[in-house]
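Reading through the structure tokens given below for one structure.
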Amino acid sequence: QQAPDGTLYYLFHANNPEPEASRSVLLARTTDRGGSWETTVVDDGTESAADEVEVNFQAHMAIDPDNPKLVYVMWRRSQAGEDPRPPTRPFMAVSNDGGTTFGDPFEMLDINPGFDGPRPVVVDGRLFAFYRESAPSTEDGPPQDTQLFAAVSDDQGQSWGDPTLIAAALDASEPIPLYDRDENLFHVVWHDNRNGDLDVFYSSSSDGETWGEPVRLNDDEIENDIGQYYPQISQSPGGRLDVAWYDYRNDPGPPPAPEEPGEPLDLGSNLGTIQSVYYARSDDGGENWSENLRVTDVPIDRSIGTWNGQYFVVVPVSITSWDDRAVVAWSDTRNGTVVSGTQDIFTAAMVPEDDEGTSVIALVMGAIGVALLGAGLALLAAVAFRRGSRQGQESDSPAT
């Protein structure tokens with residue numbers, strides 16, 4: 001992120017190289033356009049008094065636009081070790097000197113956020129947090145919904161007002177927020193399976209507390225057992241909203257299958273093999289959306305790719321916007337084989353057409369990474385873990 005004073009920040013994690021060691025949260029910053037960097041430890045992942053090892057995941061940050069010295073970082077903390085162990089919880093830390101130092105990390109809320117950390121947004125000095133609350137495990141009775149919330153704090157996260165519900169479904173992703181400071185409007189995208197399969201949804205709010213009816217953005221046939229997931233949203237300086245996501249509608253293979261017959265599709269389901277990236281845009285603040293446009297020129301074969309022995313690693317799409325184009329990046333396996341498992345990051349530029357209100361792919365993709373897990377790729381998007389089958393192997397999300 002870039003602060004109003006020009007400082008660039010790079011938020012990342014680092015793992016202790018010792019076996020079964022901790023994972024820390026760090027923040028690097030540069031004031032000379034990357035010529036030199038200083039790095040601060042936000043959370044050093046110290047073992048707790050119970051000798052449980054901290055494993056910190058998916059940190060996100062926000063800078064107060066009215067006070068660039070005020071920096072917020074939020075993440076998910078899990079702990080490794082023998083059961084019983086402390087539950088997964090969202091944590092945060094605050095810097096009042098532009099990220100040079102941070103106060104002690106503290107637990108934000110007594111909820112299980114799932115695999116991702118809350119995403120902060122600062123508006124008029126108020127701190128908003130957008131997060132997913134995992135449904136509690138139930139051995140008896142029907143499964144409960146996962147819920148997506150927005151909460152606000154007026155004291156830098158020390159206390160939070162009652163959260164407001166954005167959406168709820170059996171399987172829902174973390175809400176991805178964006179705030180339009182010209183129109184004073186929150187925009188949020190996510191995926192959930194309220195229709196029996198995974199769809200991409202959008203909602204907006206003028207105050208972060210009252211949310212509009214969710215709008216389904218993927219325009220394929222509803223309830224067709226086709227999965228769309230991991231949407232990301234961006235806004236051009238002129239106000240155009242751009243959204244991109246992964247999509248299985250072009251998969252020619254057998255239909256996807258849920259984990260149990262009769263259940264809705266979720267990220268634990270076998271969603272298919274051949275994937276694409278799709279895109280939609282809005283020129284009127286989210287009131288209306290364009291037809292979907294396929295971004296990828298080559299199918300993404302998810303039967304190959306980076307597999308770490310426990311999880312099939314997929315990088316969520318990334319998107320950034322200018323008035324004359326939106327650039328989409330995604331993980332792509334076209335240069336990989338079953339043996340190599342290679343994934344690269346590919347990009348394409350989507351250019352709006354003024355007359356028809358549609359978009360075209362202006363620049364065909366180019367690889368900008370040699371290996372998916374290369375250090376520089378974290379600048380594009382956080383690594384996520386897709387649960388599912390690969391070459392006959394099943395994997396589950398980490399214990400939460």
Side-chain angles (χ1 to χ4, degrees), residues 1-2 173 176-180 182-183 185 187-191 198-204 215-220 226-251 274-302 314-335 343-369 372 377 379-382 384:
Q1 277 192 45
Q2 186 170 28
S173 69
I176 310 298
L178 181 150
Y179 185 68
D180 185 336
D182 292 327
E183 299 296 330
L185 194 63
H187 305 280
V188 176
V189 293
W190 71 95
H191 73 247
L198 297 175
D199 291 313
V200 171
F201 290 94
Y202 160 86
S203 185
S204 63
V215 176
R216 181 176 179 265
L217 295 189
N218 48 293
D219 59 10
D220 58 330
I226 301 297
Q228 286 88 12
Y229 67 101
Y230 286 163
Q232 298 288 324
I233 186 169
S234 180
Q235 186 175 36
S236 72
R240 185 189 70 249
L241 296 174
D242 299 307
V243 179
W245 61 87
Y246 288 121
D247 199 307
Y248 280 97
R249 74 179 73 178
N250 304 118
D251 189 349
I274 302 301
Q275 202 178 71
S276 302
V277 175
Y278 272 76
Y279 162 90
R281 58 186 275 256
S282 174
D283 295 312
D284 55 10
E287 292 290 330
N288 297 282
W289 291 86
S290 70
E291 294 182 355
N292 297 173
L293 179 68
R294 188 168 68 180
V295 178
T296 44
D297 66 333
V298 172
I300 305 170
D301 185 351
R302 291 300 184 196
V314 178
V315 176
V317 297
S318 182
I319 186 167
T320 188
S321 304
W322 291 265
D323 283 338
D324 64 344
R325 68 189 58 204
V327 175
V328 183
W330 65 93
S331 67
D332 196 294
T333 63
R334 70 183 68 192
N335 294 326
Q343 291 189 65
D344 298 302
I345 300 297
F346 272 70
T347 65
M350 318 299 293
V351 175
E353 291 184 342
D354 294 333
D355 295 336
E356 300 296 329
T358 58
S359 303
V360 297
I361 301 177
L363 301 176
V364 178
M365 291 60 63
I368 57 175
L372 174 63
L377 298 187
L379 292 169
L380 289 171

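- Among all heavy-atom pairs drawn from V295 and V328, the shortest one is CG1-CB, 4.4 Å.
- Looking at heavy atoms from C-beta onward, N218 lies in side-chain contact with W245 at the 4.5 angstrom threshold.
- In this structure a side-chain-to-backbone donor-acceptor pair under 3.5 Å is missing from D323 to S236.
- Atom CD of Q1 has more than 12 heavy atoms from other residues, nucleotides or ligands within 6.0 Å.
- Taking both residues in full, the closest heavy atoms of A329 and I345 are given as CB-CG2, 4.1 Å, listed atom of the first, atom of the second, then distance.
- N292 places a side-chain N or O within donor-acceptor distance of the main-chain N or O of D219, the cut-off being under 3.5 Å.
- Under the 4.5 Å side-chain criterion, counting only non-hydrogen atoms from C-beta, S276 is in contact with Y278.
- Atom OG1 of T333 sits about 7.5 Å away from atom CD1 of I274, to the nearest 0.5 Å.
- Scored by the side chain to side chain donor-acceptor pair (under 3.5 Å) test, D251 finds no partners at all (sequence neighbours excluded).
- At least one donor-acceptor pair under 3.5 Å links the side chain of R240 to the backbone N or O of R325.
- Between Y279 and V317, the closest side-chain pair of non-hydrogen atoms is not below 4.5 Å.
- Applying the side chain to side chain donor-acceptor pair (under 3.5 Å) test to Q235 and every residue at least two apart in sequence or in another chain returns D180.
- Ring planes of F201 and W190: parallel class, angle under 30° (limits at 30 and 60°).
- Here the shortest heavy-atom pairing between P231 and I176 reads O-CG1, 3.6 Å.
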Start with the C-alpha distance between V189 and H187, add both sets of side-chain angles, then the distance that settles side chain to side chain contact (heavy atoms under 4.5 Å, CB included), and finish with yes or no. CA-CA 7 Å; V189 293; H187 305 280; over 6 Å; no
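- Considering every non-hydrogen atom in both T296 and V277, the closest pair reads OG1-N, 3.2 Å.
- Here CG of D344 is found 4.5 Å from CG of N335. Values are rounded to the nearest 0.5 Å.
- Side-chain contact between H191 and Y246 is absent, with no heavy-atom pair separated by less than 4.5 Å.
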Before giving the answer on side chain to side chain contact (heavy atoms under 4.5 Å, CB included), spell out for M350 and D242 the whole-Å C-alpha distance, their side-chain angles and the decisive distance to 0.1 Å. CA-CA 10 Å; M350 318 299 293; D242 299 307; over 6 Å; no
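- Side-chain contact of Y248 with D220: a donor-acceptor pair under 3.5 Å is absent, judged by distance alone.
- Across L241 and G285, no two heavy atoms sit closer than the pair CD1-C, 3.8 Å.
- Looking at S290, its side chain does come within 3.5 Å of a backbone N or O of R281 through a donor-acceptor pair.
- Put simply, CD on Q343 and CG on D301 are 10.5 Å apart, with the number rounded to the nearest 0.5 Å.
- A pairwise comparison of heavy atoms in P316 and Q232 identifies CB-NE2, 4.2 Å as the closest pair.
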